[in-house]
Amino acid sequence: MPAVIEAPVEMIEAIADLRFPLKTDQLLQSLMDRNTEGKLTPEEREELEGLVELSQTIALVRAKALQVLGRKPDGLLTDR
């Protein structure tokens with residue numbers, strides 16, 4: 001059985017609202033486009049992999065916070 005902890009609702013809401021800053025999202029999109037075109041440098045591929053990993057982690061943490069709040073995800077990780 002998982003441990004139960006108490007946290008202020010405001011903290012859970014802040015976690016549920018986590019987003020990439022717009023510039024980071026634009027960079028991620030640009031790297032994904034360049035990857036699709038086969039034009040990434042090894043350094044850019046490494047950066048893309050790191051951003052994708054971070055994006056996945058944020059999505060999982062947000063999903064758990066939204067579940068606690070009883071809300072449904074909107075699917076966006078940016079502040080757009």
Side-chain angles (χ1 to χ4, degrees):
M1 179 180 202
V4 176
I5 62 167
E6 290 187 31
V9 171
E10 295 82 11
M11 184 170 78
I12 304 301
E13 288 173 343
I15 293 168
D17 292 337
L18 282 175
R19 303 282 191 273
F20 273 165
L22 183 56
K23 285 185 178 184
T24 304
D25 183 62
Q26 289 170 338
L27 173 60
L28 176 58
Q29 188 61 54
S30 174
L31 290 170
M32 289 190 304
D33 291 345
R34 287 177 48 79
N35 185 51
T36 299
E37 297 165 0
K39 297 180 179 178
L40 283 183
T41 66
E43 293 80 15
E44 288 172 326
R45 183 172 310 286
E46 189 173 320
E47 186 172 19
L48 175 58
E49 289 172 359
L51 287 172
V52 167
E53 185 177 328
L54 179 58
S55 174
Q56 292 170 339
T57 300
I58 290 171
L60 291 172
V61 170
R62 284 189 68 230
K64 189 55 108 172
L66 289 167
Q67 180 184 27
V68 167
L69 294 170
R71 292 174 25 200
K72 294 188 180 207
D74 60 15
L76 298 177
L77 287 180
T78 65
D79 60 2
R80 293 186 261 166

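The two residues A65 and A16 come nearest to each other via the heavy atoms CB-N, 3.8 Å. Minimum interatomic distance between L31 and L40 (heavy atoms only, all atoms of both residues): O-CD2, 3.7 Å.
Interatomic distance, CG of L28 versus CG of D33, reported as 9.5 Å (0.5 Å rounding). To the nearest 0.5 Å, atom CG of residue L69 and atom CZ of residue R62 are 11.0 Å apart. From I12, atom CD1 reaches atom CZ of R71 across 11.0 Å, with rounding to the nearest 0.5 Å.
Residues L66 and I15 are not in side-chain contact: their nearest non-hydrogen atoms beyond the backbone lie 4.5 Å or more apart.
Hydrophobic clustering places V52 together with F20 (ILVMFWY residues linked when any side-chain heavy atoms are closer than 4.5 Å, directly or through intermediates). There is a path of hydrophobic side-chain contacts, each under 4.5 Å, that joins M32 to I58. Cluster annotation: L60 is not connected to L18 through the hydrophobic network of ILVMFWY side chains, with a link wherever side-chain heavy atoms come within less than 4.5 Å.
Side chains of D25 and Q29: a donor-acceptor N/O pair is absent below 3.5 angstrom, by distance only.
Checking each of L51, L22, L48 against L27 for a side chain to side chain contact (heavy atoms under 4.5 Å, CB included) leaves exactly one that passes, namely L51.
Every salt bridge (Lys or Arg N to Asp or Glu O under 4.0 Å) that E37 has, sequence neighbours left out, goes to K39. For Q67, the side chain to side chain donor-acceptor pair (under 3.5 Å) partners are K64, not counting sequence neighbours.
In this structure a side-chain-to-backbone donor-acceptor pair under 3.5 Å is missing from S30 to Q26.
Annotation: E46, atom CD; neighbour count of heavy atoms from other residues, nucleotides and ligands within 6.0 Å does not exceed 12.
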